[in-house]
Amino acid sequence: RFDLGSAMLDTGQSNPLISLGSLIENYDTGLNLLTLDLGDVVNTSVNDGTDDTFVITYNAIVENVATNQGGTNLTNTVTVDAEDVNDNPVPQDTSDETISLVEPELDIQKAADNLMPTLGNPVNYTLTITNTGGPFPADAFDIDVLDVLPAGLVLDPATVALNAFATDTVIAANTSTASQLAVQLDHLNIGETVEVTFTANVTTDIAFHDAIIINTANLEWTSTPGDNPDERTGDPNDPGGGLNDHNDDDDETTTVLQPQ
């Protein structure tokens with residue numbers, strides 16, 4: 001749909017030879033039709049052998065709707081209608097452009113350095129996050145990593161770290177507590193991989209002897225940076241509901257042993 005107010009007019013000349021009226025936007029939301037009225041256009045340099053031009057730019061928003069998926073082709077057609085100085089119609093002209101939609105695709109893998117810890121032992125976790133590209137690759141933004149620890153594990157927030165490798169990804173927010181890992185990464189480009197690491201300590205409570213502890217890391221990301229009501233996210237509670245499928249998860253299982 002048209003981004004109302006984004007239309008701009010540029011003659012491309014510091015001393016324009018083309019005189020233009022005001023650029024007026026008219027947008028029919030029902031028809032999704034944008035009409036731009038330029039008023040009278042006067043070219044003061046006729047018959048000089050040079051084509052004189054002006055440029056109109058405007059923005060359109062790709063909506064988060066079911067018909068818009070990675071690989072979808074969208075064609076937009078523009079039509080120019082005008083009259084000459086005698087109010088006679090001049091030949092109509094049209095042109096179109098097709099864009100192909102892309103969507104980021106991420107994967108998370110969770111690993112622990114000790115799958116059979118004893119009571120009171122630390123367990124070091126590594127969450128490997130990759131922008132796999134997918135068939136219609138795109139960069140991912142506002143990447144939320146959430147790992148709610150089950151009873152029997154206590155996270156040490158001071159151990160949360162990011163291994164960014166050769167990427168320029170950073171932790172934009174870290175609200176981790178003793179009961180959960182909660183970080184947001186600013187972005188992850190196509191084909192890049194980062195690791196989020198943290199340490200959780202196994203409880204000393206004897207009731208957890210031989211306990212099987214399963215905890216899951218969840219990943220959500222968006223299609224554009226920052227807050228955008230039209231973007232696709234990983235949260236079905238956001239605008240777009242079930243279309244927000246930018247999410248993934250992985251779990252790891254540990255069996256708690258009693259110290260010998």
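Note: hydrogens, waters and symmetry copies are ignored here, and every other heavy atom, side chains too, is used.
- Hydrophobic cluster membership of L146, counting Ile, Leu, Val, Met, Phe, Trp and Tyr whose side-chain heavy atoms lie under 4.5 Å apart directly or via other members: V148.
- Sorted by first and then second residue, the pairs that involve residues 83-104 and meet salt bridge (Lys or Arg N to Asp or Glu O under 4.0 Å), not counting sequence neighbours, are E103-R232.
- Chaining together hydrophobic side chains whose heavy atoms lie under 4.5 Å apart places I212 alongside I214.
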| What do the steps show when you test L181 against V145 for side chain to side chain contact (heavy atoms under 4.5 Å, CB included), and what is the final call? | CA-CA 7 Å; L181 169 82; V145 187; 4.1 Å; yes
| said: Go through it in stages, so that I can follow the logic: the residues are L243 and Q69, the test is side chain to side chain contact (heavy atoms under 4.5 Å, CB included), and I'd like the CA-CA distance, side-chain angles, deciding distance and then a yes or no. | reply: CA-CA 9 Å; L243 295 173; Q69 302 292 331; 4.2 Å; yes
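- Residues V160 and V123 share a single hydrophobic cluster, defined by chaining ILVMFWY side chains whose heavy atoms lie under 4.5 Å apart.
- Between V202 and T118 there is no side-chain heavy-atom pair separated by less than 4.5 Å.
- D238 and T233 share a donor-acceptor pair across their side chains, judged by distance under 3.5 Å alone.
- Atom CD of E105 sits about 4.0 Å away from atom OG1 of T132, to the nearest 0.5 Å.
- Qualifying salt bridge (Lys or Arg N to Asp or Glu O under 4.0 Å) partners for E220, counting only residues two or more places apart in sequence or in other chains: none.
- Contacts of T175 classified as side-chain contact (heavy atoms from CB on, under 4.5 Å), with partners at least two apart in sequence or in another chain: A182.
- D235 has its side chain out of reach of N244: every pair of non-hydrogen atoms, C-beta onward, lies at least 4.5 Å apart.
- Taking CG of D249 as the reference point, atom OG1 of T216 lies at 6.5 Å (rounded to 0.5 Å).
- The minimum heavy-atom distance between A178 and P157, with the atom names listed, is N-CG, 4.1 Å.
- In terms of heavy atoms, T169 sits closest to A164 at O-CB, 3.7 Å.
- In this structure, the side-chain contact (heavy atoms from CB on, under 4.5 Å) partners of S95, at least two apart in sequence or on a different chain, are V78.
- Remark: F141 pairs with no residue by the ring-ring contact (aromatic ring centres under 6.0 Å, His included) rule, at least two apart or across chains.
- V102 is not connected to V62 by any chain of hydrophobic side-chain contacts under 4.5 Å among Ile, Leu, Val, Met, Phe, Trp and Tyr, and they are in different clusters.
- Scored by the salt bridge (Lys or Arg N to Asp or Glu O under 4.0 Å) test, D142 finds no partners at all (sequence neighbours excluded).
- Nearest heavy atoms, N64 versus E231: ND2-O, 3.4 Å.
- By the 4.5 Å heavy-atom criterion applied to side chains, P117 and L257 are not counted as neighbours.
- Considering every non-hydrogen atom in both Y125 and L153, the closest pair reads OH-CD1, 3.4 Å.
- Residues satisfying the side-chain contact (heavy atoms from CB on, under 4.5 Å) test with T29, not counting sequence neighbours, are Y27.
- Residue pairs satisfying the side chain to side chain donor-acceptor pair (under 3.5 Å) criterion with at least one member in residues 143-165, sequence neighbours excluded, are listed as follows: K110-D147, D144-Q184, D147-N215, N163-E195.
- Each of I190 and F136 belongs to its own hydrophobic cluster when Ile, Leu, Val, Met, Phe, Trp and Tyr are linked at side-chain heavy-atom distances under 4.5 angstrom.
- The distance from atom CD1 of I99 to atom CG of N76, rounded to the nearest 0.5 Å, is 8.0 Å.
- Grouping the Ile, Leu, Val, Met, Phe, Trp and Tyr side chains by contacts below 4.5 angstrom, directly or via other members, places I61 apart from L74.
- In this view, E25 and F2, L4, A7, L36 satisfy the side-chain contact (heavy atoms from CB on, under 4.5 Å) rule, not counting sequence neighbours.
- Not a single donor-acceptor pair under 3.5 Å links the side chain of D3 to the backbone N or O of N59.
- Around atom CG of D168, more than 12 heavy atoms belonging to other residues, nucleotides or ligands sit under 6.0 Å away.
- Considering CG of L219 and CG of L127, their distance stands at 9.0 Å, rounded to 0.5 Å.
- In this structure, the separation between CG on D210 and OG1 on T255 is 8.0 Å, given to the nearest 0.5 Å.
- Using modelled atom types, one side-chain atom of N114 and one backbone atom of M116 make a donor-acceptor pair closer than 3.5 Å.
- When the side chains of ILVMFWY residues are joined at heavy-atom separations under 4.5 Å, either directly or via intervening members, V183 and V170 end up in two distinct hydrophobic clusters.
- Counting heavy atoms from C-beta outward, N131 and L106 have side chains that approach closer than 4.5 Å.
- Side-chain contact between I213 and T253: absent, with no pair of heavy atoms (C-beta onward) separated by less than 4.5 Å.
- Side-chain contact between F208 and L119 is present, with at least one heavy-atom pair separated by less than 4.5 Å.
- Counting only distance, with no hydrogens or angles, the side chain of D37 and the backbone of I24 share no donor-acceptor pair below 3.5 Å.
- The side chain to side chain donor-acceptor pair (under 3.5 Å) analysis of residues 196-205, with sequence neighbours excluded, yields the pairs N124-T199.
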| task | Go through the steps for T167 and N189 under the test side chain to side chain contact (heavy atoms under 4.5 Å, CB included), then give the verdict. | result | CA-CA 8 Å; T167 75; N189 295 332; over 6 Å; no
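- With contacts defined as side-chain heavy-atom distances shorter than 4.5 Å, the pair S223/H246 qualifies.
- To the nearest 0.5 angstrom, L149 atom CG is 5.5 Å from F198 atom CZ.
- Side chains of S179 and T177: a donor-acceptor N/O pair is present below 3.5 angstrom, by distance only.
- Side-chain atoms of T94 never come within 3.5 Å of backbone atoms of T79 as a donor-acceptor pair (strictly under, hydrogens ignored).
- Here the side chains of W221 and I129 are not in contact, with every heavy-atom distance at 4.5 Å or above.
- Side chain to side chain, T98 and N73 fail the donor-acceptor criterion of an N or O pair below 3.5 Å.
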